[in-house]
Amino acid sequence: MVQHPIPDRYEPASFEAQWRERWQEADLFRTRELPGRPKFYGLDFFPYPSGAGLSVGHCRNYIGTDLVCRMRAMQGYNVLHPMGFDAFGLPAENEAIAKQTHPAPMIDRYAATYQRQMELVGISYDWSRTFKSSDPDYYRWTQWIFKRLYERGLAYRKLASVNWCPQCMTVLADEEVVGGLCWRCDTVVEKKQIPQWFFKITEYAQRLIDDLDELDWPEGIKQMQRNWIGRSEGVEFSMKVAFGAPGSQEDEGFVVKEREPMLRVFTTRIDTIFGVTFCVVSPEHPLLESILGRVADEHREAVRAYQEQAKRLSDTDRQATNREKTGVFSGAFAVNPATGKRVPIYVADYVLMNYGTGAIMAVPGHDERDFEFAQKFGLDVVQVIAPAGGGEVELPWTDKEAAVMVNSGEYSGMSVKDGQAALGEWMEALGIGERKVQYKLRDWLISRQRYWGCPIPVMYTADGDEHLVPDDLLPVQLPDVENYQPAGDGSSPLAHIPEFLNVTDANGRLGRRETDTMGGFACSSWYFLRFCDPHNDQAPWDLEKVAEWMPVDCYVGGAEHAVMHLLYARFWTKVLFDAGLVPVKEPFAKLVNQGMVQGPTPYRKPREGERLAVGEEGIRISPEEAATLPADEVFYRNEKMSKSKGNVVTPEEAVEKFGADALRVFEMFVAPFEQDVVWTETGAQGAVRFLHRVFKLASDLQPSYDPDWRAKIVQDDLSQAGRDLRRTTHQTIRKVTDDLAKTAFNTSVSELMKMVNAMNDFLKAERNPADDLAASEALEALVLMLSPVAPHSSDEIWSGLGHIGFTYDAEWPSFDPALAKEDVLTIAVQVNGKLRDTITVAADAPKDVVEQAALASPRVAVHTEGKAIRKVIFVPGKLVNVVAS
RNA sequence: GCCCGGGUGGUGAAACGGUAGACACAGCGGACUUAAAAUCCGCAGCCCGCGAGGGCGUGUGGGUUCGACUCCCACCCCGGGCACCA
């Protein structure tokens with residue numbers, strides 16, 4: 001590269017594309033694995049390549065990660081910074097069906113667009129490692145991992161319900177059910193029981209909670225995961241089921257007799273057991289079958305009718321908020337083991353079959369839901385817990401801090417905590433119950449009755465046995481066929497392709513394949529491992545390579561994946577760790593959630609007689625329509641960029657209008673990375689102006705630039721301006737390095753702006769020839785520190801200064817604490833904590849000298865006049881506070 | 001209801017318990033220009049004051065401290081997530 005004049009303005013069109021080409025030609029971003037160097041693994045969430053392409057909003061995520069990776073590379077780390085695509089899934093399949101095309105080439109096109117856009121904004125990905133989750137070379141190993149889970153007893157098949165549209169004759173995903181209706185044909189969606197595959201994530205519930213503690217993740221995300229797993233401690237116990245009216249002889253005692261039906265319940269509030277006035281079982285509870293055989297016809301019929309009604313309700317409806325409690329009396333009773341009294345057993349859908357035992361003891365005095373139910377059905381409400389300090393409370397009263405048991409026989413007077421322990425022990429001694437930990441987390445359903453997913457590597461022989469497909473026959477490939485539309489019987493389209501369906505196993509037995517495919521979360525639960533060794537065709541990865549790169553040091557993505565993806569990926573990593581296949585227990589050491597970029601979205605004020613939905617202030621309109629309306633009829637709200645809202649800014653538009661580096665600078669500078677931001681043209685324009693100033697400065701300094709400054713510079717030769725500039729340089733290096741490492745991108749950019757301002761001040765100040773060396777040092781540091789955020793501009797200036805190669809390969813500047821140190825300090829002088837003056841002292845001035853100088857201030861004298869000075873607080877380098885009264 | 005975030009100038013924001021508003025955007029004044037744009041220089045929290053200066057200020061009310069945007073308690077508002085989990 002030949003030295004060239006540095007332009008005095010930022011003209012992106014004249015150099016940005018060229019630099020991207022040169023990076024590509026030099027294969028600059030290929031992952032380096034040099035021995036003896038630290039490693040850095042920077043990763044973005046696995047994106048689904050949508051046909052809409054990227055917006056500048058998506059880009060902000062990738063730019064942030066890019067800054068950290070580029071700095072680490074310059075600091076001499078081996079950097080792994082890959083990108084791939086989460087290609088399987090419903091949107092692609094549905095779009096392909098709608099367009100009468102095949103999803104594979106479509107997704108290839110979309111992924112290519114994403115790649116082109118990412119390259120356009122200069123992201124330093126190593127594209128030699130890219131893959132899509134739909135590549136057979138990749139999903140072969142997804143299947144391989146499925147087998148390892150199966151072998152460890154963590155993959156199993158059971159009957160589970162799916163959403164079924166009787167019109168389309170197809171299974172619907174939850175998001176395809178809109179208000180209980182099929183999204184395509186508005187038919188009422190039914191439930192259908194079919195066998196489906198699950199992963200036993202519940203077995204890892206406790207470890208998934210415990211290991212959160214060691215992760216450098218946002219506290220909020222960790223808390224969301226804890227809540228999702230939902231650990232609660234309580235007691236599970238049995239209650240005898242009785243059929244006669246209360247008071248009859250069979251109530252005697254509660255010792256369990258053989259063959260007597262028992263009702264099993266779980267409670268976190270065993271301390272309230274004396275307040276149980278009824279029990280509730282969910283409509284699907286199996287015990288109901290034996291109960292209904294022994295109760296009066298009227299009860300049997302009522303329960304049957306209620307069960308039918310419950311079955312018709314969708315899960316969403318059933319779990320809808322503020323729904324009035326419904327239920328029926330079963331005709332049977334449960335005997336409260338604490339009181340020996342019998343209480344009615346009700347059937348109600350507010351009790352869920354899939355949590356706990358599907359049955360509860362109801363304590364309306366101390367549980368809001370039970371209270372509501374008791375009110376509606378006229379059931380007793382008894383108080384058994386009271387404030388420890390005495391006093392009346394209104395029921396239901398659910399406080400358990402500083403609360404004691406009352407009306408609870410021999411337990412009365414005990415604290416809630418002690419009572420829980422005592423009752424738990426009592427039940428365990430009696431053998432009717434035990435203390436237990438319960439989780440809300442459910443097993444992970446992975447079956448999808450769809451074509452466009454990773455096939456499940458299982459086959460069934462005629463006798464119905466399931467067999468894993470041998471490793472050497474993987475992958476089970478998706479057949480390349482014309483018709484992959486859902487079949488009409490609830491099975492996957494794959495079930496209707498004989499050449500796929502029918503197989504012969506290794507022993508020559510005939511069988512048929514599993515035709516469900518895996519949901520996309522399976523594919524995205526290990527891609528970060530594959531990036532460590534993406535071309536391995538003997539194994540999913542080489543253990544040594546995974547050991548070298550894992551865990552991910554900085555994982556960046558939106559908070560919308562706070563629970564599902566991050567939990568599933570953690571689960572798989574733990575399983576693989578247990579199997580000795582990976583050396584880490586956790587995949588993502590540090591997680592960063594970037595904020596989304598919103599676009600100003602035009603709205604029109606309502607006109608006479610127009611009605612708006614609740615919470616709406618206007619009618620959303622297109623930007624074109626907004627341009628035609630008078631200004632006072634239009635207003636803007638900032639909303640997430642989306643095609644349908646017409647507020648998307650594409651990277652192409654932004655790069656064309658402002659330049660890639662300006663886009664990068666703006667998106668990093670505008671606000672903290674984690675925060676939502678609004679795209680503004682004036683903001684982007686500000687970034688352009690900053691880059692203009694950088695080029696002007698570099699152009700001004702170019703003639704006096706001496707690449708050999710390091711060897712020649714002598715501190716004592718410098719003028720005051722030169723020494724000040726060096727101090728600024730080294731202070732900036734320190735701050736920018738720290739800020740980038742902790743993803744504080746906005747302040748790192750503002751530091752660079754301050755440094756540019758300081759350099760301009762330097763040019764105006766009185767100085768001597770030796771100062772050119774300080775300026776050379778400053779210019780070099782500035783250009784190198786600018787490289788992560790504005791790599792095109794940095795390389796343009798760097799080469800203009802005569803350097804061969806790229807700033808990416810140059811060494812990150814290091815700071816000298818001695819040079820960064822201030823020699824004169826401004827000290828705040830306060831009287832009683834209020835600022836009254838500032839004084840300037842030498843940095844090494846001792847305490848008493850500074851205090852004397854402060855007390856000598858006339859401004860201090862004014863405010864201490866007539867008062868006695870009580871004491872003087874001295875904070876070195878910061879302030880003096882005179883306390884007077 | 002519960003769980004997470006968050007409330008600081010006209011705007012985006014900055015600030016190890018130590019000079020609140022850095023750095024920018026928009027604005028105002030000036031220079032350059034026939035003019036405008038661009039660029040450069042300057043001003044800029046609010047109130048009182050010609051000024052020197054003073055008072056008030058980080059959602060509200062208390063507290064801890066020599067000193068609180070920062071820590072503690074109570075509350076209000078906004079955004080996001082979850083929701084009958086016994």
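Here is how names work: the chains are called A, B, and so on, in the same order as the sequence lines, proteins then strands, and each is numbered from 1.
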Based on Watson-Crick and G-U pairs with both distances under 3.5 Å, what dot-bracket line describes RNA chain B 5' to 3', crossing pairs as [ ] and inter-strand pairs as |? (((((((..(((.....[....))).(((((.......))))).((((....))))..(((((..]....))))))))))))....
Using a 4.0 Å heavy-atom cut-off across all strands, classify A/R689 as base, sugar-phosphate, or nothing. sugar-phosphate
Regarding A/N227, tell me which of base, sugar-phosphate or nothing describes its non-hydrogen contacts under 4.0 Å with the strands shown. sugar-phosphate
With sugar-phosphate meaning primed atoms plus P, OP1 and OP2, does A/P672 contact a base, only sugar-phosphate, or nothing at under 4.0 Å between heavy atoms? sugar-phosphate
Every protein N/O lying under 3.5 Å from an N/O of nucleotides 47-57 of chain B:
from, atom 1, to, atom 2, distance (Å)
B/G54, OP1, A/R859, NH2, 2.7
B/G54, OP1, A/H863, NE2, 3.1
B/G54, OP2, A/R859, NH2, 3.1
B/G55, OP2, A/R836, NH1, 3.1

When rounded to whole Å, the CG to C1' distance for the pair A/D676 and B/G81 reads 13 Å
Restricting to side chain to side chain donor-acceptor pair (under 3.5 Å), what partner residues turn up for A/Q225, sequence neighbours left out? A/R570
What is the nucleic acid contact for A/R231, judged by heavy atoms within less than 4.0 Å: base, sugar-phosphate only, or nothing? nothing
Base, sugar-phosphate, or nothing for A/S232, non-hydrogen atoms under 4.0 angstrom? sugar-phosphate
Students often get this wrong, so: under 4.0 angstrom with heavy atoms, is A/Q685 touching a base, only sugar-phosphate, or nothing? nothing
At 4.0 Å (heavy atoms only), tell me whether A/Y439 reaches a base, stays on the sugar-phosphate, or touches nothing. nothing
Just to be sure I understand the rule, does A/T682 reach a base, reach only the sugar-phosphate, or reach nothing, if contact means heavy atoms closer than 4.0 Å? sugar-phosphate
Who pairs with A/K657 by side chain to side chain donor-acceptor pair (under 3.5 Å), at least two apart in sequence or on another chain? A/E681
Applying ring-ring contact (aromatic ring centres under 6.0 Å, His included), can you list everything that pairs with A/Y10, at least two apart in sequence or on another chain? none
Quick one: label A/N746 by what it contacts on the DNA or RNA (base, sugar-phosphate, nothing), any heavy atom closer than 4.0 Å. sugar-phosphate
Output yes when at least one side-chain N/O atom of A/N881 is less than 4.0 Å from OP1 or OP2 of B/U19, else no. no
So what does A/K222 touch, heavy atoms closer than 4.0 Å: a base, only the sugar-phosphate, or nothing? nothing
May I have all residue pairs that pass ring pair (Phe, Tyr, Trp, His ring centres under 6.0 Å) and include part of residues 735-762 of chain A, sequence neighbours excluded? A/F673-A/F745
